[in-house]
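See structure below.
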Amino acid sequence: MLTAVQPWPRTEEEALAVQDALRSRVVSAAGPADPATVAGLDVAYDDSGDRLGAAVVVLNTADLSVRDTAVVRDRPAFPYVPGLFAFREVPALMAALEKLTVRPDVLICDGHGLAHPRRFGLAAHLGVLTDLPSFGVGKTRLVGEWEEVGTARGSRSALVDEGETVGAVLRTQTGVKPVFVSVGHRIDLDNACSLTLRLASRYRLPETTRAADRVCRDLLS
DNA sequence: GCGACAG
DNA sequence: ATCTTGTCGC
């Protein structure tokens, strides 16, 4: 689709420098409230952890029908380091995005956007590289604190780090552990949360994530 | 020194 | 991320 991802950092120091250079390109804006298409992105690993499968699944928001799917098999591009997680999966996910025949209206990533120690998690990183609206839905926290969330579906609580609201802890299903929603690029938190709720009408995670997870999983086995 | 630490 | 048994509930 877009931008090539040329020289990849090989050390933590280089990766930090890349984050520092790219984070200024993040755009804060009121994103699409009713996107026609939404893309889910996910990666799965084999037993050795040496190989991975990356998937992007584009759904029509109206009926959740699959509009497009792209997969890539690759190798992790970086070791797992909290805060540098994106450097592991971005090359494979970008390669998959480039295979799409349609340009999705929003990217929904597995992980965080601005809810990151340097405000540049995976969702922000992919948003900047593609210049598409993007946000993250994480299953566990990386940074931030929050007040206990109401038990009813739709309840939310601000995720605050260093005095700054970096995301929301959102209950997508009554009585089920909440998810962590944070903005990446060109979308606002309210729209990210309502979109997440819309896509998680039946399960804890949005259908986008579930679809991508399923695809990249049986890409390995 | 002891925890915490996206996937 | 991934490895795993049983168990509780609709």
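- Contact between the side-chain N/O atoms of A/K139 and the OP1/OP2 oxygens of B/dG7 is found at a separation under 4.0 Å.
- A/D46 has its CG atom 9 Å from the P atom of C/dC3, to the nearest Å.
- Applying the 5.5 angstrom centroid cut-off and the 30 degree plane-angle cut-off, the aromatic ring of A/Y80 is stacked upon the base of B/dG7.
- Counting non-hydrogen atoms under 4.0 angstrom, A/A115 reaches nothing in the nucleic acid.
- Across the protein-nucleic acid pair, A/H112 atom NE2 and B/dA6 atom P stand 7 Å apart, rounded to whole Å.
- Here A/G138 lies in heavy-atom contact (under 4.0 Å) with sugar-phosphate atoms only.
- A/V90 has its side chain within reach of A/W8: a pair of non-hydrogen atoms, C-beta onward, lies under 4.5 Å apart.
- Panel note: side chain A/Q19, backbone A/G83; a donor-acceptor pair is recorded below 3.5 Å.
- A straight line from CG of A/L122 to C1' of C/dA1 spans 13 Å, rounded to a whole angstrom.
- Using a 4.0 Å heavy-atom criterion, one finds that A/R217 contacts the sugar-phosphate atoms exclusively.
- Set against B/dA6, C/dA1, C/dC3, the side chain of A/H116 has B/dA6 as its closest nucleotide.
- Contact annotation: A/R141 reaches the phosphate of B/dC5 (side-chain N/O to OP1 or OP2, under 4.0 Å).
- Considering A/D110, A/V179, A/T196 as possible partners of A/L205, the one that fulfils the side-chain contact (heavy atoms from CB on, under 4.5 Å) test is A/V179.
- Proximity of A/T140 to the phosphate of B/dC5: no side-chain N or O atom is located under 4.0 Å from OP1 or OP2.
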Exercise for the section: Under the ring pair (Phe, Tyr, Trp, His ring centres under 6.0 Å) rule, what do A/F87 and A/H125 come out as? Steps first, then yes or no, please. Expected result: CA-CA 9 Å; A/F87 292 93; A/H125 204 134; 5.3 Å; yes
